[in-house]
Amino acid sequence: LDPARFISNRSSGKMGYSIAKAAWRRGAKVTLVSGPSSLPAPFGIQRIRVETAEEMQTAVNEHVDSADIIIKSAAVSDFKPAIYHQQKVKKQSQEEGVVELARTPDILNELGKNKKSGQILVGFAAESENHLEEGRRKLQQKNLDFIAVNNIASDITGFEADTNKITLLSQSDTVELPFTSKEHTADLLFDSISRKLKN
């Protein structure tokens with residue numbers, strides 16, 4: 001909004017960092033495009049820090065052609081302030097009380113439209129209701145190979161938690177992963193991806 005205020009969400013980045021570490025442990029060359037997070041850079045992994053959806057889109061596009069597997073777990077805001085004020089807006093300003101919003105780019109949707117042959121694209125759906133219906137809709141709409149659906153309304157599976165329980169949807173299957181740590185969830189996700197690569 002201005003130099004003092006911004007729109008964000010509760011995402012900590014823990015799931016994305018767990019996925020990056022799991023991929024590296026399995027021998028992958030990993031590029032982690034990270035929004036603002038207090039988590040340390042994982043060992044052996046190239047981390048690119050971004051602050052806006054547009055910056056994330058640019059960073060992803062710079063690496064997409066060389067990627068065999070793309071996993072988009074970032075909770076990118078759907079909206080941003082339509083106007084950025086160069087100076088802090090004062091309380092007594094006539095502009096107080098109304099914030100106009102503009103849409104941000106749908107990075108995952110663009111990746112699905114331009115997915116190259118053999119590339120595996122995985123999305124995440126953070127939902128608070130109608131989890132499977134929303135997951136299946138996004139799986140088809142965004143041309144994904146997998147989508148991991150998790151319940152953000154729960155304190156133990158949503159944002160900032162160290163644990164997760166996701167339902168992994170593909171074009172042909174629905175797999176309920178167990179309630180476990182985000183690190184173990186990442187390994188289970190790669191088990192499914194590995195089976196697809198072998199097929």
Side-chain angles (χ1 to χ4, degrees), residues 1 6-84 101-127 134-150 152 159 166 168-171 182 186 189-190 192-194 196-197:
L1 296 167
F6 59 92
I7 294 175
S8 186
N9 57 49
R10 292 173 51 211
S11 178
S12 63
K14 289 178 180 179
M15 192 70 245
Y17 279 60
S18 295
I19 290 167
K21 288 186 279 189
W24 182 81
R25 286 195 303 268
R26 291 175 181 235
K29 179 183 176 184
V30 181
T31 301
L32 171 64
V33 181
S34 173
S37 175
S38 61
L39 298 173
F43 177 78
I45 292 170
Q46 178 190 11
R47 178 172 65 173
I48 301 170
R49 287 182 172 275
V50 298
E51 291 191 0
T52 68
E54 289 80 7
E55 289 175 0
M56 179 168 281
Q57 183 181 45
T58 298
V60 168
N61 287 343
E62 287 174 356
H63 294 85
V64 66
D65 288 339
S66 61
D68 298 311
I69 302 168
I70 302 168
I71 303 177
K72 287 289 288 117
S73 64
V76 181
S77 295
D78 295 322
F79 298 94
K80 65 177 183 178
I83 299 171
Y84 176 77
L101 300 176
R103 284 199 172 274
T104 58
D106 189 331
I107 303 169
L108 186 58
N109 194 59
E110 290 302 312
L111 291 171
K113 285 181 182 177
N114 300 305
K115 183 171 64 170
K116 64 183 183 181
S117 177
Q119 203 169 48
I120 292 181
L121 182 58
V122 183
F124 269 67
E127 303 293 343
E134 282 300 303
R136 290 190 185 99
R137 180 184 66 78
K138 291 177 181 177
L139 180 76
Q140 300 299 330
Q141 177 186 324
K142 298 176 189 284
N143 190 28
L144 308 179
D145 296 284
F146 297 97
I147 191 163
V149 185
N150 67 309
I152 60 169
F159 294 139
I166 67 174
L168 188 62
L169 305 177
S170 67
Q171 299 293 340
K182 287 186 174 175
L189 174 60
F190 277 110
S192 293
I193 293 172
S194 296
K196 182 172 179 64
L197 285 171

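Bear in mind the structure is a predicted one, so any value in this text is a computation, not a measurement.
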> Which heavy atom of Ala20 sits nearest a heavy atom of Ile45, and at what distance?
Replying inline: O-CD1, 3.4 Å
> Does Phe43 have any ring-ring contact (aromatic ring centres under 6.0 Å, His included) partners at least two apart in sequence or in another chain, and if so, which?
Replying inline: Trp24
>> Minimum heavy-atom separation for Gln119 and Ala67, please, with both atom names.
In response: NE2-O, 2.8 Å
> Looking at residues at least two apart in the chain, or sitting in another chain, which of them share a side chain to side chain contact (heavy atoms under 4.5 Å, CB included) with Phe6?
Replying inline: Ser8
> Step by step, would you call Val149 with Ile166 a side chain to side chain contact (heavy atoms under 4.5 Å, CB included)?
Replying inline: CA-CA 5 Å; Val149 185; Ile166 67 174; over 6 Å; no
> Under a 4.5 Å cut-off applied to non-hydrogen side-chain atoms, are Thr31 and Ile48 in contact?
Replying inline: yes
> With Ala186, which residues qualify under side chain to side chain contact (heavy atoms under 4.5 Å, CB included), at least two apart?
Replying inline: Met15, Ser18, Ile19, Ala22
> Got a sec, which residues hit side chain to side chain donor-acceptor pair (under 3.5 Å) with Ser192, two or more places apart in sequence or on another chain?
Replying inline: Arg195
>> Quick test of your reading: applying side chain to side chain donor-acceptor pair (under 3.5 Å), list the pairs with at least one residue in residues 107-117, sequence neighbours left out, ordered by first then second residue.
In response: Lys115-Asp145
> Can you name the residues that form a salt bridge (charged side-chain N to carboxylate O under 4.0 Å, His left out) with Lys182, not counting sequence neighbours?
Replying inline: none
> Taking C-beta and beyond as the side chain, do Glu127 and Lys138 meet within less than 4.5 Å on heavy atoms?
Replying inline: yes
> Considering all heavy atoms of both residues, which atom of Asn143 and which atom of Gly112 are nearest to each other, and what is their separation?
Replying inline: ND2-O, 2.9 Å
> Just how far is it from atom CD1 of Ile69 to atom CZ of Phe190, taken to the nearest 0.5 Å?
Replying inline: 6.0 Å
> Is there a side-chain contact between Leu139 and Phe146, using heavy atoms and a 4.5 Å cut-off?
Replying inline: no
>> Please determine whether the number of non-hydrogen atoms from other residues, nucleotides or ligands lying under 6.0 Å from atom CZ of Arg103 exceeds 12.
In response: no
> Taking the side chain as C-beta and beyond, is there a heavy-atom pair between Leu189 and Val122 under 4.5 Å?
Replying inline: yes
> Which pair of non-hydrogen atoms, one from Ile107 and one from Ala53, has the smallest distance, and what is that distance?
Replying inline: CD1-O, 3.7 Å
>> According to side chain to side chain donor-acceptor pair (under 3.5 Å), who are the partners of Gln140, at least two apart in sequence or on a separate chain?
In response: Gln171
> Taking atom CG of Leu1 and atom OH of Tyr84, what is their separation to the nearest 0.5 Å?
Replying inline: 9.5 Å
> Just wondering, do Leu121 and Leu108 contact through their side chains at under 4.5 Å, heavy atoms?
Replying inline: yes
>> Does anything in residues 14-37 form a salt bridge (Lys or Arg N to Asp or Glu O under 4.0 Å)? List the pairs, not counting sequence neighbours.
In response: Lys14-Asp162, Arg25-Asp187, Arg26-Asp187, Arg26-Asp191
>> Restricting to non-hydrogen atoms, name the atom on Ala126 and the atom on Ile152 that form the minimum distance, rounded to 0.1 Å.
In response: CB-CG2, 3.3 Å
> Just how far is it from atom CD1 of Ile147 to atom CD of Gln141, taken to the nearest 0.5 Å?
Replying inline: 9.5 Å
>> Taking the side chain as everything from C-beta on, heavy atoms only, tell me whether Ile120 gets closer than 4.5 Å to Ile70.
In response: no
>> The criterion is side chain to side chain contact (heavy atoms under 4.5 Å, CB included); which residues satisfy it with Arg47, sequence neighbours excluded?
In response: Tyr17, Leu32, Ser34, Ala41, Arg49
> So, for Ala59 and Val50, which heavy atoms are closest and what is the spacing to 0.1 Å?
Replying inline: CB-CG1, 4.2 Å
> side chain to side chain donor-acceptor pair (under 3.5 Å): which pairs involve residues 50-79, sequence neighbours left out?
Replying inline: Glu54-Lys80
>> Closer than 3.5 angstrom, by distance alone: can the side chain of Ser37 be matched with the main-chain N or O of Ser12 as a donor-acceptor pair?
In response: yes
